[in-house]
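Below is one structure, written out as structure tokens; comments come after it.
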Amino acid sequence: MASTVEGGDTALLPEFPRGPLDAYRARASFSWKELALFTEGEGMLRFKKTIFSALENDPLFARSPGADLSLEKYRELNFLRCKRIFEYDFLSVEDMFKSPLKVPALIQCLGMYDSSLAAKYLLHSLVFGSAVYSSGSERHLTYIQKIFRMEIFGCFALTELSHGSNTKAIRTTAHYDPATEEFIIHSPDFEAAKFWVGNMGKTATHAVVFAKLCVPGDQCHGLHPFIVQIRDPKTLLPMPGVMVGDIGKKLGQNGLDNGFAMFHKVRVPRQSLLNRMGDVTPEGTYVSPFKDVRQRFGASLGSLSSGRVSIVSLAILNLKLAVAIALRFSATRRQFGPTEEEEIPVLEYPMQQWRLLPYLAAVYALDHFSKSLFLDLVELQRGLASGDRSARQAELGREIHALASASKPLASWTTQQGIQECREACGGHGYLAMNRLGVLRDDNDPNCTYEGDNNILLQQTSNYLLGLLAHQVHVALAAYKWLVCYLLRETYQKLNQEKRSGSSDFEARNKCQVSHGRPLALAFVELTVVQRFHEHVHQPSVPPSLRAVLGRLSALYALWSLSRHAALLYRGGYFSGEQAGEVLESAVLALCSQLKDDAVALVDVIAPPDFVLDSPIGRADGELYKNLWGAVLQESKVLERASWWPEFSVNKPVIGSLKSKL
């Protein structure tokens, strides 16, 4: 590793163009190239560079400043781009098994270019594909090849018009007919229409449809997944008995075609049932390798968790982009100073540091956590594929479900708050659409809702933790651990109090959620993120030259996150007096100050190339005003008509210079 850094490997990690950001880069306490290699590894860096270079050199992915595509045109273009990604074959099925972290890496690269493209690719290859792989059996393996050759295009149809989070109330049915060995997929009414399904609106040919499985004798066995063809792959016309369409324009991610579907007694072969968790014999007998219904449900949660784990990665990439834009802007934007003649970068102000640097620390901590959680999910799916039916495997499924259910809210809310802070920290320039912060905000917004409303998901995590308390799992005590223990105890006592007062279990849990279960679930997942990142940055393999900056990032994220629970720490008695709170606040500010000179180099590690970042105020050369002015002129179409203006008539090369940058 050291020789690679010292050698400069300009092909892999080229030097940044000289400019106003040089001063901060020179003051960094570490080599950004060394940190990039430690964080990603040389192989992953080459993988990402291959993807970014392909996008930048392909006319299909050309940026069109000022272009306002129609909804139909945007969705058509996004589908063609998704198809091109498969043609590039960046990631084969074999690579997925050999190097699983390349999966979220590819998703992040695509998402940095356009969230709609990442979502479309993700829903087809990972969510739809993962459901087929992890819930199906050997008879379904032929679908996997068709997925990656794009012979079929898939979607994941769970939610309905009238039900989303409450999956037990899903009303689509799948009645088995032993006479023909077929399942009859049926929507009883419009409220049972599958709804909000990504890729279903215009392009999906097949869907993993969740329906209540019923066998003769009116015996129903709960939700099971089925592969159902909804369109003809050649014509994209609906299949008989299927009514399918697009739900319309959304607040963001409009390159993704979210749709609806209703099924009128659609017959599919018995083999369409994804049968890893349960199957039906030709005669109509239901069989399952899981005798315990709870164990079967726990094992199936891994399949449902893949989408949520992916959303964590999608949210983080949005925060990476926003933080990169805002910090490069802050390092070059000069306002006020110690004298009237001297202005200083706004990054020098403690207020700007306090507003932005905790989110930079959050990017590093959450990014590491998302990778580790993804590897946990891979372990679960490999266990399912190998036929592991152990209690440990089922418990792993429940644990991943709990972590995914809480980390999606944590990542999406942190990103939502962070993008808004970045937008405001860039002043009026942050409000210009061309600088991308508004688009990032809108495209991240659905991460707070789809694959489960954040507040509802937190309740699932708090329920899991209450179950652990019943089994007396030991949790050690230190500030964050104490907080989790305190909230767990308080939630448990509140739950029992409500039950003793006559509330049903359902009513009691709802009454506990706002002030007990919700903060419990958030504190638990924050603790998990803090622990994993702390262990990562303090492992022996960390190069000595990186230990200080990584240690500061870890400490800042932990203390900043903990500071938001100060009221609970006081309420529970862990803090007392003014000093405890003041020490916490002072520590956060001190760490921000210590990281200020490293901020630009830390951004250089996570920021994509300028073509992908696509923000004039966030470009790597730091030429803030030249880049912004050139982009404004190009978007307003006055660049060619500016010859009458003295600056341009005297200095024609300026126009050429601006064009070359754009």
Side-chain angles (χ1 to χ4, degrees), residues 47 50-51 54 78-107 109-110 117-157 183 185 197-200 202-210 224-237 239 242 257 268-277 279 300 302-304 306-307 309-310 374 377-387:
F47 177 66
T50 298
I51 297 167
N78 196 43
F79 176 74
L80 293 175
R81 286 171 173 169
C82 185
K83 185 172 182 290
R84 182 65 56 84
I85 295 300
F86 281 97
E87 291 170 356
Y88 278 123
D89 196 24
F90 292 124
L91 190 60
S92 66
V93 177
E94 293 74 20
D95 285 338
M96 286 186 173
F97 288 101
K98 184 179 178 181
S99 305
L101 284 179
K102 283 187 175 181
V103 176
L106 174 57
I107 298 300
C109 288
L110 300 180
L117 176 60
K120 193 163 194 66
Y121 180 92
L122 166 72
L123 287 167
H124 170 64
S125 64
L126 193 59
V127 179
F128 175 71
S130 175
V132 174
Y133 174 76
S134 61
S135 297
S137 60
E138 189 173 348
R139 73 190 188 198
H140 300 107
L141 291 180
T142 55
Y143 284 103
I144 301 297
Q145 294 179 338
K146 292 180 180 180
I147 288 170
F148 285 91
R149 290 198 295 256
M150 276 193 73
E151 294 176 13
I152 62 174
F153 201 70
C155 60
F156 186 84
F183 284 100
I185 311 295
V197 182
N199 288 343
M200 182 176 271
K202 298 286 185 182
T203 52
T205 62
H206 290 68
V208 169
V209 176
F210 280 80
H224 283 68
F226 300 79
I227 293 185
V228 181
Q229 184 174 346
I230 59 174
R231 287 188 178 94
D232 184 315
K234 294 182 179 179
T235 65
L236 291 184
L237 293 174
M239 297 299 290
V242 179
D257 50 316
V268 298
R270 182 179 66 89
Q271 292 78 9
S272 296
L273 170 64
L274 296 173
N275 61 332
R276 191 175 297 278
M277 307 304 167
D279 204 353
S300 69
S303 173
L304 299 178
S306 62
V309 173
S310 301
F374 184 82
L377 181 63
V378 170
E379 179 188 350
L380 175 71
Q381 292 182 335
R382 284 175 174 170
L384 291 172
S386 66

Step by step, work out the side chain to side chain contact (heavy atoms under 4.5 Å, CB included) result for Asn275 and His140. CA-CA 9 Å; Asn275 61 332; His140 300 107; 3.4 Å; yes
Atom pair [atom1] ([X]) and [atom2] ([Y]), whose distance is rounded to the nearest 0.5 Å:
X      : Y      : atom1 : atom2 : value
Leu377 : Ser130 : CG    : OG    : 6.5 Å
Leu273 : Ser137 : CG    : OG    : 8.5 Å
Phe86  : Ser125 : CZ    : OG    : 4.5 Å
Lys120 : Phe153 : NZ    : CZ    : 4.5 Å
Thr205 : Asp232 : OG1   : CG    : 9.0 Å
Gln229 : Met239 : CD    : CE    : 4.0 Å

Phe90 ring center near Tyr121 ring center (under 6.0 Å): no
Mind checking side-chain contact (heavy atoms from CB on, under 4.5 Å) for Phe128 and listing every partner two or more places apart, or none if nothing turns up? His124, Val132, Ile147, Ile152, His206, Val208
Look at atom CD of Glu87 and say whether more than 12 heavy atoms of other residues, nucleotides or ligands are closer to it than 6.0 Å. yes
Mind listing the closest non-hydrogen atom pair of [X] and [Y] along with its distance?
X      : Y      : value
Met200 : Cys155 : CE-SG, 3.8 Å
Ser306 : Ser310 : O-OG, 2.8 Å
Ala207 : Ile230 : CB-CG2, 4.3 Å
Cys109 : Ile51  : CB-CG2, 3.8 Å
Val127 : Gly307 : CG2-CA, 4.2 Å
Pro100 : Val378 : CB-CG2, 3.9 Å

What I'd like to find out is whether the side chain of Phe47 reaches to under 4.5 Å of the side chain of Ser99, using heavy atoms alone. no
Looking only at atom types and distance, does a side-chain atom of [X] sit under 3.5 Å from a main-chain N or O of [Y], one as donor and one as acceptor?
X      : Y      : result
Asn199 : Ala204 : no
Arg276 : Gly136 : yes
Arg270 : Asp279 : no

Would you check, one step at a time, whether the test ring pair (Phe, Tyr, Trp, His ring centres under 6.0 Å) holds for Tyr133 with Phe97? CA-CA 12 Å; Tyr133 174 76; Phe97 288 101; 5.5 Å; yes
